[in-house]
Amino acid sequence: MDNTFLYKEYELSFEQLRFYDNRQMDLLKYLFTLTSSVATAQFAIYEFLKSPTKGFFLCQTFLSSVVFIASMLLYLSMIQNRLYFVFTARQLNALRKFFLETEATDFKSNELYTSVDFPAISPSSVHTFQLLGASFLSALFGAISVYSLSQALQQYPCWWLIAGSFVLISGAEIASGVTYLVCVGSKPADIAVHGSMIRPQGSG
């Protein structure tokens, strides 16, 4: 049996796995750069004005809302990237398991992964902590938007409302992300991504 295709698939899967892992870090870097830059700029303007005006809080509301939307989109991209990472890792593990069972039967000291049924979300995964951090930053700017709007409307800020906004946003993002990864990640890749199983040409 010629396994040339499988060898190539194994090599490409390794490359793709590294790509998704690096992309996860890149998305996190973009998120930290965006949020830290905007927060620094807002603080600098606040210190410069000494006594912030209604216009300042309106601008802060707008800018924080933009950052909130951008950070939420980056969070969603990280969720999707995690799903693709898991599918690629499962393929890599399946190929390794096949080669160990068919071409390296005398090799009894395998120390790498062969599992193909691990979940898309894991409490011990670094990706999970990255996603939680992204959700925290997104919710933080959502709460800042609420605070700034209340100040712009010259309303005494209700800290319960601001804290509630943070908890609601972060809770919704985390719950939806976990639900997505659990439900979609448990399906075969073709069904999860394309909605149906793609059959090879010529198959019955």
Side-chain angles (χ1 to χ4, degrees), residues 1 3 5-32 68-105 107 110-140 142 166-204:
M1 179 180 178
N3 290 326
F5 169 77
L6 294 182
Y7 293 141
K8 190 63 177 179
E9 175 75 358
Y10 186 80
E11 293 175 2
L12 293 177
S13 292
F14 248 126
E15 292 181 11
Q16 198 69 9
L17 192 72
R18 286 195 294 268
F19 166 78
Y20 288 129
D21 199 31
N22 291 333
R23 184 169 183 263
Q24 194 80 352
M25 285 302 301
D26 288 340
L27 289 170
L28 191 64
K29 289 177 184 177
Y30 296 151
L31 179 60
F32 272 108
F68 166 61
I69 294 171
S71 60
M72 185 170 58
L73 291 175
L74 286 170
Y75 171 75
L76 293 176
S77 297
M78 292 174 69
I79 289 286
Q80 185 184 57
N81 189 76
R82 168 64 184 179
L83 183 68
Y84 291 161
F85 174 90
V86 168
F87 284 145
T88 304
R90 288 174 182 169
Q91 176 76 346
L92 193 63
N93 291 0
L95 289 169
R96 183 184 293 113
K97 182 178 181 181
F98 172 78
F99 288 135
L100 287 171
E101 291 175 348
T102 59
E103 300 192 13
T105 54
F107 181 61
N110 176 55
E111 298 294 333
L112 282 178
Y113 318 106
T114 57
S115 174
V116 297
D117 58 357
F118 54 89
I121 186 76
S122 171
S124 60
S125 172
V126 174
H127 284 180
T128 300
F129 292 103
Q130 292 173 346
L131 290 170
L132 290 175
S135 175
F136 174 85
L137 288 173
S138 177
L140 184 61
F166 173 83
V167 172
L168 180 64
I169 294 171
S170 60
E173 288 184 349
I174 293 171
S176 60
V178 170
T179 301
Y180 174 79
L181 289 174
V182 169
C183 295
V184 180
S186 62
K187 301 176 181 178
D190 275 332
I191 294 178
V193 177
H194 303 293
S196 61
M197 184 68 72
I198 298 177
R199 297 170 62 85
Q201 292 183 355
S203 62

Calculate, to the nearest 0.5 Å, the distance between atoms [atom1] and [atom2] belonging to [X] and [Y] respectively.
X      : Y      : atom1 : atom2 : answer
Ile79  : Tyr180 : CD1   : OH    : 8.5 Å
Leu132 : Glu173 : CG    : CD    : 11.0 Å
Asn110 : Leu100 : CG    : CG    : 4.5 Å
Leu76  : Ser176 : CG    : OG    : 7.0 Å
Asn3   : Phe5   : CG    : CZ    : 10.5 Å
Phe32  : Leu74  : CZ    : CG    : 11.5 Å

- Would you check, one step at a time, whether the test side-chain hydrogen bond (donor to acceptor under 3.5 Å, both in side chains) holds for Gln16 with Tyr20? CA-CA 6 Å; Gln16 198 69 9; Tyr20 288 129; 3.2 Å; yes

- Message: Go through it in stages, so that I can follow the logic: the residues are Asn93 and Arg90, the test is side-chain hydrogen bond (donor to acceptor under 3.5 Å, both in side chains), and I'd like the CA-CA distance, side-chain angles, deciding distance and then a yes or no.
- Response: CA-CA 5 Å; Asn93 291 0; Arg90 288 174 182 169; over 6 Å; no

Exercise: identify the closest heavy-atom pair between [X] and [Y]:
X      : Y      : answer
Arg82  : Ala120 : NE-O, 2.7 Å
Gly185 : Leu83  : CA-CD1, 3.6 Å
Val182 : Ser186 : O-OG, 3.2 Å
Ala89  : Phe118 : CB-CZ, 3.8 Å
Leu92  : Leu17  : CD2-CD2, 3.8 Å
Gly177 : Tyr75  : CA-OH, 4.0 Å

- Message: Around atom OH of Tyr113, are there more than 12 heavy atoms from other residues, nucleotides or ligands closer than 6.0 Å?
- Response: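 No, the 6.0 Å shell around OH holds no more than 12 heavy atoms from other groups.
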
- More than 12 heavy atoms from other groups under 6.0 Å of OH on Tyr7: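 Yes - once you tally the heavy atoms of other residues, nucleotides and ligands closer than 6.0 Å, there are more than 12.
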
Could you check whether any side-chain heavy atom of [X] comes within less than 4.5 Å of a side-chain heavy atom of [Y], counting everything from C-beta outward?
X      : Y      : result
Gln24  : Leu131 : yes
Phe68  : Ile169 : yes
His127 : Met78  : no
Ser71  : Leu137 : no
Leu95  : Glu9   : yes
Gln91  : Phe87  : no

- Can any side-chain N or O of Asn22 pair as donor or acceptor with the backbone N or O of Arg18 at less than 3.5 Å?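 Side chain of Asn22 to backbone of Arg18: a pair is present.
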
- Task: Give a yes or no answer on whether the side chain of Ser170 reaches the backbone of Val167 with a donor-acceptor pair at less than 3.5 Å.
- Result: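 Answer holds: yes.
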
- Query: Taking only residues two or more places apart in sequence or in another chain, which ones pass side-chain contact (heavy atoms from CB on, under 4.5 Å) with Ser124?
  - Reply: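 Result, side-chain contact (heavy atoms from CB on, under 4.5 Å) vs Ser124: Ser122.
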
- Message: Could you go through Glu15 and Leu12, starting from their C-alpha distance and side-chain angles, then the distance that decides it, and tell me whether this counts as side-chain contact (heavy atoms from CB on, under 4.5 Å)?
- Response: CA-CA 5 Å; Glu15 292 181 11; Leu12 293 177; 4.0 Å; yes

- Of all residues at least two apart in sequence or in a different chain, which pass the ring pair (Phe, Tyr, Trp, His ring centres under 6.0 Å) check with Tyr10?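 Ring pair (Phe, Tyr, Trp, His ring centres under 6.0 Å) list for Tyr10, sorted by chain: Phe14.
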
